[in-house]
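Below is one structure; the comments refer to it alone.
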Amino acid sequence: MSFHPALLNKYGLSTTCEDEESHSCSASFKQETISYERFKVPILNFNYTQPRVSPANFLLTLNPDFYPKRRDLRLLKEEEIAANGNPASYWEIDDVFMFPFHDVFRSVKFEAILVDPGTENLPDSTKKRFFDINFDGLLAQRSFLYFFHNDYNYLHNLFRKFGVRRVEMISFLSRNKQNQSDSLIKNGHFDCYLGIRGRINRIHDGDFIHSNMDSDVYVDNESERIPRMQSIVENFVISKHRLFVSLIPTRARPGWITIAPKITNKDNVEAVNPAV
């Protein structure tokens, strides 16, 4: 990978290695800042001459509001969602697979369902139990199914069983909190596969979906993975019927019905009686 010398010189980037004779230097860099009219962009002055070195090692900081117009749109969306969303509701059940989904939601169809197994290495017995949850009966005719899992073949078979076609993948990279001075990203990632049921067109279905304002790759702390994914769903799907199924303790969120073994913020949200 190489860059044009004129482009490197424009931003003061080095094109030579400090230790060219031994070739032990894979990337020499220093922190610099490019100033724009409304924001500043942190960059690295580095020499990328050794392909064995991952560029992620030199990513030191991220600014989620890098683009001012996107930031303004995000704030408007948050205000709209807060004004029109339903209060947070939840059920706590030790074995989520034993929850009577179709008895409780027999008259409700969801436009968005988010599933989080909580781990990348699911045992085969747990994978099979997801086939017993008939998502086909829970999803509306126009709807989206978001599923966290890194096994493409497993998700392909699961989506096909419920009449959902996979269209996209959103990746979450974990932030390196222990040693941020060396790299922002640590090894490991979570993939969330997006499946669509029904025929949805951006041009003709403006009453159901918005233009996508979010990225397909995120770097954040592990604790922010689910809130970030829920925010992505809220920004994209115009709906008041959202279901979140988690196999690990989680937080209930306004605008969602959450089903999990434990709700960590139950004192601040509304509890739903499963008998209703």
Side-chain angles (χ1 to χ4, degrees), residues 64-65 70-94 96 99-118 133 135 138-140 142-148 170 172 190 192-197 200 205-216 218 220-276:
D65 291 326
R70 183 194 179 282
R71 178 196 59 205
D72 296 340
L73 178 59
R74 177 180 60 81
L75 294 175
L76 290 174
K77 287 290 295 182
E78 290 178 353
E79 294 177 0
E80 178 186 355
I81 293 170
N84 300 297
N86 296 322
S89 304
Y90 70 88
W91 275 277
E92 282 187 325
I93 181 170
D94 293 335
V96 172
F99 183 81
F101 287 95
H102 299 284
D103 292 337
V104 175
F105 303 125
R106 55 181 176 271
S107 60
V108 179
K109 299 294 183 181
F110 294 96
E111 285 84 16
I113 298 178
L114 172 62
V115 181
D116 178 32
I133 302 178
F135 290 106
L138 298 174
L139 291 167
R142 295 186 305 175
S143 54
F144 297 89
L145 176 61
Y146 298 81
F147 203 111
F148 273 102
I170 303 172
F172 288 82
F190 283 86
C192 183
Y193 285 89
L194 165 60
I196 292 181
R197 182 183 184 187
I200 301 175
D205 294 318
D207 62 321
F208 181 60
I209 59 174
H210 279 175
S211 296
N212 186 21
M213 58 173 284
D214 294 289
S215 175
D216 293 338
Y218 285 90
D220 213 332
N221 299 328
E222 172 61 22
S223 59
E224 297 300 320
R225 175 173 57 90
I226 295 301
R228 173 72 70 176
M229 191 68 237
Q230 290 174 319
S231 176
I232 294 173
V233 176
E234 294 167 355
N235 291 338
F236 182 55
V237 186
I238 306 174
S239 169
K240 289 188 175 182
H241 302 100
R242 308 186 192 98
L243 176 65
F244 175 40
V245 180
S246 177
L247 300 189
I248 60 175
T250 188
R251 295 174 58 88
R253 181 183 176 95
W256 293 77
I257 295 178
T258 303
I259 301 174
K262 183 179 180 180
I263 302 298
T264 57
N265 62 332
K266 65 175 68 177
D267 295 336
N268 303 321
V269 297
E270 176 185 349
V272 176
N273 184 353
V276 176

If you measure from [atom1] on [X] to [atom2] on [Y], what distance do you get to the nearest 0.5 Å?
| X | Y | atom1 | atom2 | answer |
| --- | --- | --- | --- | --- |
| Thr258 | Arg242 | OG1 | CZ | 11.5 Å |
| Leu138 | Ile113 | CG | CD1 | 5.0 Å |
| Glu111 | Ile200 | CD | CD1 | 10.0 Å |
| Lys77 | Asn235 | NZ | CG | 5.5 Å |
| Asp116 | Phe147 | CG | CZ | 9.0 Å |
| Ile196 | Ile209 | CD1 | CD1 | 7.5 Å |

Using every non-hydrogen atom in the two residues, find where [X] and [Y] come nearest and quote the distance to one decimal.
| X | Y | value |
| --- | --- | --- |
| Gly118 | Ile248 | CA-CD1, 3.7 Å |
| Pro227 | Arg253 | O-NH1, 3.8 Å |
| Cys192 | Leu114 | SG-CD1, 4.3 Å |
| Val96 | Pro261 | CG2-CD, 3.9 Å |
| Ala140 | Arg197 | O-CD, 3.5 Å |
| Met229 | Tyr146 | CE-CD2, 3.4 Å |

Requested in this report: Take Val245 and Phe99 through the test side-chain contact (heavy atoms from CB on, under 4.5 Å) and record every step on the way to the result.
Outcome: CA-CA 10 Å; Val245 180; Phe99 183 81; over 6 Å; no
Requested in this report: Apply the ring pair (Phe, Tyr, Trp, His ring centres under 6.0 Å) test between Phe148 and each candidate in Tyr193, Phe244, Phe172; give the one that qualifies.
Outcome: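 So the option named by the test is Phe172.
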Query raised in the report: Should Leu194 and Ile170 be marked as a side-chain contact (heavy atoms from CB on, under 4.5 Å) after you check the CA-CA gap, both sets of side-chain angles, and the distance that decides it?
Result: CA-CA 8 Å; Leu194 165 60; Ile170 303 172; 5.5 Å; no
Query raised in the report: Parallel, tilted or perpendicular: which fits the ring planes of His241 and Phe110, with parallel below 30° and perpendicular above 60°?
Result: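 Perpendicular, since the angle between the ring planes exceeds 60°.
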Requested in this report: May I ask you to check whether Trp91 and Phe105 place their ring centres under 6.0 Å from each other?
Outcome: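 That pair passes the under 6.0 Å test.
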Query - pair Val233-Phe144: side-chain heavy atoms closer than 4.5 Å - result: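 The answer is no, as the side chains (C-beta and beyond) never meet within the 4.5 Å cut-off.
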Query raised in the report: Under 6.0 Å from the NZ atom of Lys262, do we count more than 12 heavy atoms belonging to anything else shown?
Result: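 At most 12 heavy atoms, drawn from other residues, nucleotides or ligands, come within 6.0 Å of this atom.
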Report task. Would you confirm whether Arg106, through its side chain, and Asp103, through its main-chain N or O, come within 3.5 Å as a donor-acceptor pair? Result ->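 At least one qualifying donor-acceptor pair exists.
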Report task. Take Arg74 and Glu78, measure what side-chain contact (heavy atoms from CB on, under 4.5 Å) needs, and give me the verdict at the end. Result -> CA-CA 6 Å; Arg74 177 180 60 81; Glu78 290 178 353; 3.0 Å; yes
